[in-house]
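Data first, discussion second: the structure below is written as structure tokens.
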Amino acid sequence: MSNIQETIIEFIKENFVMGRSDTKIDPEESLIEAGIMDSTGVLELVEFLEATYSIQIEDEELIPENLETIQNIVSFLRQKGID
Amino acid sequence: MDELVHHFLDHSAERFPDKKAVFHGEESATYAEIVQAANRLANLLKEEGLKKSDRVLMAMENSIASIISYYAIIKAGGVVVEVPDKSTQSEVSYFINDCKPRIGIFSKASARRLDGISIPMIITPAMEFANPNGRYIEWDKANQLPATDPAIEIKDNELVSIVYTSGSTGKPKGVMLSNRNISSNTSSIISYLGITSADRIMVVLPFYYVYGKSLLNPHFKVGGSLVINNRFAFPNVVVDEMQNKEVSGFAGVPSTFAILLNRSIFPKTRIPTLRYVTQAGGSMAPALTARLMEVLQGTDLYIMYGATEASPRLTYVPPGRLKDKLGSIGIPIPDVSISIKDEHGKELPPGVEGNICATGPNIMQGYWGDEQETGKVIKPWGLITGDIGYKDEEGYFYTTGRKKEMLKVGGERISPKEIEDVLIESKLVHETAVIGRPDDFLYEVPEAFIVPIDPKTFDLEDVKTYTKQRLSVHKHPKYWHIVKSMPKKSSGKIDKEALKK
């Protein structure tokens, strides 16, 4: 598992999966359909990514292809030069 | 006389049988398809033993099936109890205990969450369940039944739905709405928004929420159409679909517009077909309203005010007056009167603050099984909305505060007491207070202060886990503070004003 993936999963667990839980997050599962993130959750995630990786995410980039699953987020960050 | 609620569907199916009534992703359905499916499902409910005025629980995200279910329950003579699709087992147990539904209709996702509850479950699409205590009825069973209306006699003073809303006591209260309540409000909405069969609205608000339902009924009554999109988590997807599907209307709560304006392609996107946009569900900061007006060149913006207890619309600001009445909730909609009254029902002159009261055929029948709470808000001089405000010399109304201590998270009213009760129930918390913390997108979010029973062994994670199991996500405190003691007023009550500082 990549380091980025671990960091993101940790952030999501801490902020959206309340409480101590051994919930498994499938990297290919939609975070929206799984009920883990909603519209404000997506914005919190974006803020976190911007701050953690010192990147700028444009409004146009807030689309499912970039943010719907853990895997999408990881490859989106790769495109942005984060590895 | 106004039509009955299920006639909205029946009459549009007669006038526009082949017209697409609803679009949802790749799916769509015509009025004829929806009326036939609703009749079949109504016949299934009857076959399953549904009697006149029996309650039917619904926990579904917006879909063609959820619309079919709503009208089917009404056609079968039942009372719709539509609850948030993300409700937890303990929340749903409360609703079941309170209004005793005979049966429930669930989406797959809700059923997964609620499997094991005590009423028979109709689930769509069909799925395998193996809980030995459960009773499952296949949605598809309805396909074998006739597509003719079950022809139950329904009167306009009879209940159509019970809508649960957070009460100041911490226990949700069931607002009882009759055919006449909903039908009259539907007619008023159609009239002041000028909705016609040519209108097509983008729906991102859930139908279990009265504001969402008030998009469905008016469009079905005039034979317009709806585009359902449950993916507002990605607002750009919604904006694209508004453009592609050439919608003429859009409705949101303040957080919807904060997100659209601040983090989406909406301000840069032209949607030439967009005739009007409505905003309700809490007061929007005038600065945000002003920005929205700027972005919406050529599209009318309606700022509105309402209450679940009023089916729900009460006032609106005519778009032409919005600029000079910024911050106002507007004037009464057709058939409704609004006034500012004191505690004894005496009307107060312009400029003087008092209770915002409402009368009209849209005011609820009362709270389900709770005459005491009903008596507190239904007075001989009208519904006490719980909001404090005043009117100006021109008869425009303004809200200045809330009487009841309620939080407004997104568009939803939340009782801090309900959250506090759960925290205390955990047996880990000695004392607690939940307040609203201002939030750029949701207006406010719950913030919890807790005094642990045993600070040495206390682990906040345990409390979070306990809360998660019992309350829906939007009720989970976003901010937590572990404190040694609470600031108190002389009465001994926790001083929440001090906590806010």
Side-chain angles (χ1 to χ4, degrees), chain A residues 8-26 28-53 55-77 79-80, chain B residues 61 84-86 88 107-110 112-113 204 206 230-240 252-253 255-256 258-269 409-410 426 439-443 445 459-478 480:
Chain A
I8 296 166
I9 290 183
E10 200 178 311
F11 170 80
I12 287 174
K13 277 196 173 176
E14 194 137 303
N15 289 276
F16 307 128
V17 186
M18 294 268 300
R20 180 184 294 126
S21 83
D22 24 25
T23 315
K24 288 235 160 54
I25 299 179
D26 177 353
E28 286 177 47
E29 187 184 26
S30 161
L31 295 164
I32 315 299
E33 265 147 48
I36 295 171
M37 274 193 325
D38 59 5
S39 51
T40 44
V42 172
L43 296 180
E44 283 173 48
L45 172 73
V46 167
E47 262 172 47
F48 168 78
L49 296 176
E50 287 182 330
T52 310
Y53 298 107
I55 49 170
Q56 171 81 33
I57 299 177
E58 302 300 329
D59 293 343
E60 284 78 0
E61 294 175 314
L62 304 182
I63 50 174
E65 291 76 2
N66 293 339
L67 299 160
E68 176 119 40
T69 68
I70 302 275
Q71 220 165 56
N72 292 8
I73 300 167
V74 172
S75 48
F76 172 56
L77 289 175
Q79 281 171 36
K80 294 224 138 213
Chain B
E61 39 297 335
D85 58 286
K86 298 228 159 53
T88 64
S107 66
K108 229 168 174 170
S110 299
R112 226 177 247 135
R113 203 171 293 117
V204 299
N230 299 334
R231 293 175 57 78
F232 192 70
F234 295 109
N236 292 345
V237 173
V238 174
V239 175
D240 278 339
V253 296
S255 67
T256 316
I259 291 171
L260 278 180
L261 290 175
N262 297 326
R263 292 276 12 203
S264 88
I265 55 171
F266 185 67
K268 297 176 214 158
T269 309
V409 179
S426 73
D439 183 270
D440 286 345
F441 291 107
L442 293 176
Y443 184 68
V445 292
D459 186 342
L460 184 59
E461 293 304 311
D462 296 330
V463 178
K464 287 185 180 176
T465 304
Y466 188 87
T467 317
K468 182 197 162 197
Q469 286 160 357
R470 282 160 186 82
L471 296 171
S472 303
V473 182
H474 62 293
K475 296 177 193 162
H476 299 170
K478 269 264 182 233
W480 297 83

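Letters go in sequence order (proteins before strands), and every chain restarts at 1. Atoms considered below: every heavy atom in the structure, side chains included; atoms not considered: hydrogens, waters and symmetry mates.
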Exercise. List the steps and the verdict of salt bridge (charged side-chain N to carboxylate O under 4.0 Å, His left out) for E68(A) and R231(B).
Key: CA-CA 11 Å; E68(A) 176 119 40; R231(B) 293 175 57 78; 2.5 Å; yes

Quiz item: Atom CZ in F234(B), atom CE in M37(A): separation rounded to 0.5 Å?
Solution: 5.5 Å

Quiz item: Can you tell me how far CG of L442(B) sits from OG of S39(A), rounded to the nearest 0.5 angstrom?
Solution: 7.0 Å

Self-check item: Contact origin within L67(A) toward chain B - heavy atom pairs under 4.5 Å
Solution: both

Quiz item: For atom CG of D26(A), is the number of surrounding heavy atoms from other residues, nucleotides or ligands below 6.0 Å larger than 12?
Solution: yes

Quiz item: Has the side chain of N236(B) got a donor or acceptor atom that lies under 3.5 Å from a matching backbone atom of D59(A)?
Solution: yes

Exercise. Side chain from CB out, backbone as N, CA, C, O: work out which of these in L43(A) comes under 4.5 Å of a heavy atom of chain B, or both, or neither.
Key: side chain

Practice problem: Name the region of E44(A), side chain, backbone, both or neither, that has any atom closer than 4.5 Å to a heavy atom of chain B. | Solution: side chain

Practice problem: Supply the atom-to-atom distance N230(B) CG to E33(A) CD, rounded to the nearest 0.5 angstrom. | Solution: 9.5 Å

Self-check item: Sole residue of E50(A), E61(A), E47(A) in salt bridge (charged side-chain N to carboxylate O under 4.0 Å, His left out) with R263(B)
Solution: E50(A)

Quiz prompt | Side chain / backbone / both / neither for I32(A) at chain B, heavy atoms under 4.5 Å | solution = side chain

